[in-house]
Amino acid sequence: MERKEIIVVTNPMIAANRSAEVTLSKFLRVIKPSVKSIEVIGGNLGVEKDLSDVVLTSFSIIRYPNKLKRLLTIVGIQLKMMKSIISHGKKNQPVYFWIADKMILPYFAAKLKKMEVNYFIYGNVEKEGVKSKFTELSGRLIRYMASHADYVCMESPSVKKEWPGLAVKKEKIIHLYTDIVVEPEYKDRTKILGMVCRLTPGKHIVESIEAMVRIHKNHADWILEIIGSGKQEEECKALIRKYNAESCIHMLGWVEHSELQNYVAKWKYLLFPTDTVYAAHDSTTILQKSIAFSGGNNQPSRAFSKKLSWKMKKRSQFAQRNSVKPETRSLFEPFWPKKGSGFCA
């Protein structure tokens, strides 16, 4: 098969942490062996050192506090990206829209050049966090671009279930498991509940903190560790101070991927009460460590040595009561709803 030159379009990277850089780098490593060359078009771009041969067409962008300024900046950078695609893109050349949910102008440019448009979909933003006109617009843009793409790409078939009614012409499943451990270990675990995620409403960090405060009253030897950063970071820290829970809830902030295993190797349970489908590429290290899992929607339980579901919303899937060991039952029993099964914070 002939290896092709491809273009990757992605949202501008914000300076809060290296999450976008790490995620983009994982995607590039997966597709790199099968292509001739890669050009990435975006804003404030960065990739990890082993990808130095990837061409970055990066435009500077500032994240202004003022919403109008921010909107005008996004439009401005999209016009520059649009110009790059018109200049560099070729007919039938593959272009991948990777975490590019709002990149409608570069998308139109790719269509104008009659490129092969591959559009990635993820968890449904329409379900995540607090509903607003902004999330509604994002959902509409994603549905439009996915419906008109040559291929809709996803990490798991379950992602498509997150988008009911979405018209998909053709689809590609692209797994981002880039590291393999043949025999993951599950031993010497301490009584730690762990979370790795963006600190945003759709990840239910606040609810998890409140639940942990209640758990700690009867199980003082358990603690919660939270890895990640985001717009709710200060709110979460303030909530922990309010409950005087600094001894049992630890905010660890952004942790480099190379250091992540040092933390998760101690955890007994991973909490992932997300509104949207779980992102496999963010959990590779955790999957390797085979941590017992407590999640939200559509999590593939076969990847874990044990399973545990924690109900944060009515649409969450539940673990049956008899699938949980007695010692774990005593920890979470206060949060079980009276009817049905599952855990409720």
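Because only heavy atoms are used, hydrogens play no part in the values below, and waters and symmetry mates are left out as well, while side chains stay in.
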State whether the side chain of [X] and the backbone N or O of [Y] hold a donor-acceptor pair below 3.5 Å, judged by distance alone.
X: R198; Y: G228; value: no
X: N44; Y: P12; value: no
X: S34; Y: I31; value: yes

> Taking only residues at least two apart or on different chains, which pairs with a member in residues 56-67 satisfy side chain to side chain donor-acceptor pair (under 3.5 Å)?
Replying inline: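 Found E39-T57.
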>> If you take the centroid of each ring, where Trp contributes its six-membered ring, are F120 and F27 closer together than 6.0 Å?
In response: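 Yes, close enough.
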> Can the ring centroids of Y122 and W98 be said to lie less than 6.0 angstrom from one another?
Replying inline: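 Here the rings of W98 and Y122 have centres that are less than 6.0 Å from each other.
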> Pairs in or reaching into residues 81-101: which pass salt bridge (Lys or Arg N to Asp or Glu O under 4.0 Å), with residues at least two apart or in two chains?
Replying inline: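 Qualifying pairs: E5-K90.
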> Taking only residues at least two apart or on different chains, which pairs with a member in residues 134-150 satisfy salt bridge (Lys or Arg N to Asp or Glu O under 4.0 Å)?
Replying inline: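 Matches after skipping sequence neighbours: E126-R143, E136-R140.
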>> Checking K32 now: which residues fulfil salt bridge (charged side-chain N to carboxylate O under 4.0 Å, His left out) with it, not counting sequence neighbours?
In response: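 Partners of K32 under the salt bridge (charged side-chain N to carboxylate O under 4.0 Å, His left out) test: D53.
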> Can you name the one residue among L105, I61, N11 that meets side chain to side chain contact (heavy atoms under 4.5 Å, CB included) with I74?
Replying inline: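 Among the candidates, only I61 passes.
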> When you look at I38 and L28, which way does the side-chain contact (heavy atoms from CB on, under 4.5 Å) test go after all the steps?
Replying inline: CA-CA 8 Å; I38 304 173; L28 296 178; 3.9 Å; yes
>> As a quick check of understanding, evaluate side-chain contact (heavy atoms from CB on, under 4.5 Å) for L45 and T10, giving each step before the final call.
In response: CA-CA 9 Å; L45 290 175; T10 189; 3.6 Å; yes
> Looking at residues at least two apart in the chain, or sitting in another chain, which of them share a side-chain contact (heavy atoms from CB on, under 4.5 Å) with I192?
Replying inline: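 Result, side-chain contact (heavy atoms from CB on, under 4.5 Å) vs I192: T190, I223, E225, K266, W267.
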> By side-chain contact (heavy atoms from CB on, under 4.5 Å), which residues pair with V22, not counting sequence neighbours?
Replying inline: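 Partners of V22 by the side-chain contact (heavy atoms from CB on, under 4.5 Å) criterion, ordered by chain and then number, come out as R18, E48, W254.
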Answer yes or no: is there a side-chain heavy-atom contact under 4.5 Å between [X] and [Y]?
X: M81; Y: F59; value: yes
X: V213; Y: I215; value: no
X: R29; Y: D50; value: yes
X: P106; Y: F97; value: yes
X: Y269; Y: M195; value: no
X: T73; Y: V75; value: no

For the hydrophobic clusters of this structure (ILVMFWY residues joined by side-chain heavy atoms under 4.5 Å, transitively), does one cluster hold both [X] and [Y]?
X: Y151; Y: I142; result: no
X: I104; Y: I7; result: yes
X: L141; Y: M103; result: yes
X: V55; Y: I6; result: no

To the nearest 0.5 Å, what is the distance between [atom1] ([X]) and [atom2] ([Y])?
X: L252; Y: I226; atom1: CG; atom2: CD1; result: 8.5 Å
X: L79; Y: S84; atom1: CG; atom2: OG; result: 11.5 Å
X: K172; Y: K170; atom1: NZ; atom2: NZ; result: 9.5 Å
X: I209; Y: R214; atom1: CD1; atom2: CZ; result: 14.5 Å
X: M154; Y: I174; atom1: CE; atom2: CD1; result: 10.0 Å
X: T23; Y: M13; atom1: OG1; atom2: CE; result: 8.5 Å

For [X] against [Y], the heavy-atom pair lying closest together:
X: C197; Y: I205; result: SG-CD1, 3.2 Å
X: Y96; Y: C153; result: CE2-SG, 4.3 Å
X: L166; Y: S147; result: CD1-OG, 3.6 Å
X: A220; Y: H216; result: O-NE2, 3.0 Å
X: G46; Y: L24; result: O-CD2, 4.2 Å
X: V35; Y: K4; result: CB-O, 3.4 Å

Exercise answer: donor-acceptor pairs, residues 107-117 side-chain atoms, under 3.5 Å, sequence neighbours excluded:
from, atom 1, to, atom 2, distance (Å)
Y107, OH, M145, O, 2.6
Y107, OH, H148, O, 3.4
Y107, OH, A149, N, 3.2
K111, NZ, H148, O, 2.4
K113, NZ, I86, O, 3.1
K113, NZ, G89, O, 3.4
E116, OE2, N118, ND2, 3.0

> Among all residues two or more places apart in sequence or in another chain, which pass the side chain to side chain donor-acceptor pair (under 3.5 Å) test with N92?
Replying inline: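 N92 satisfies side chain to side chain donor-acceptor pair (under 3.5 Å) with no residue once adjacent residues are dropped.
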>> Could you work out, with side chain to side chain donor-acceptor pair (under 3.5 Å) as the rule, every residue matching Q93, not counting sequence neighbours?
In response: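 Not a single residue meets the side chain to side chain donor-acceptor pair (under 3.5 Å) criterion with Q93.
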>> Does V8 form a side-chain contact (heavy atoms from CB on, under 4.5 Å) with V95? I'd like the steps, not just the answer.
In response: CA-CA 6 Å; V8 175; V95 55; over 6 Å; no
>> Go through it in stages, so that I can follow the logic: the residues are L199 and K231, the test is side-chain contact (heavy atoms from CB on, under 4.5 Å), and I'd like the CA-CA distance, side-chain angles, deciding distance and then a yes or no.
In response: CA-CA 6 Å; L199 305 187; K231 61 185 180 181; over 6 Å; no
Taking only distance into account, with no hydrogens and no angle test, what donor-acceptor pairs under 3.5 Å do side-chain atoms of residues 234-250 form with protein atoms, sequence neighbours excluded?
from, atom 1, to, atom 2, distance (Å)
E235, OE1, Q232, NE2, 3.2
H250, NE2, S247, O, 3.2

> Heavy-atom count around K69 NZ within 6.0 Å, excluding the residue itself: above 12?
Replying inline: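 Not buried by this count: 12 neighbours or fewer within 6.0 Å.
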> Cluster partners of L68, using ILVMFWY side-chain heavy atoms under 4.5 angstrom, listed by chain and number?
Replying inline: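 Reading the cluster by chain and number, L68 sits alongside L72.
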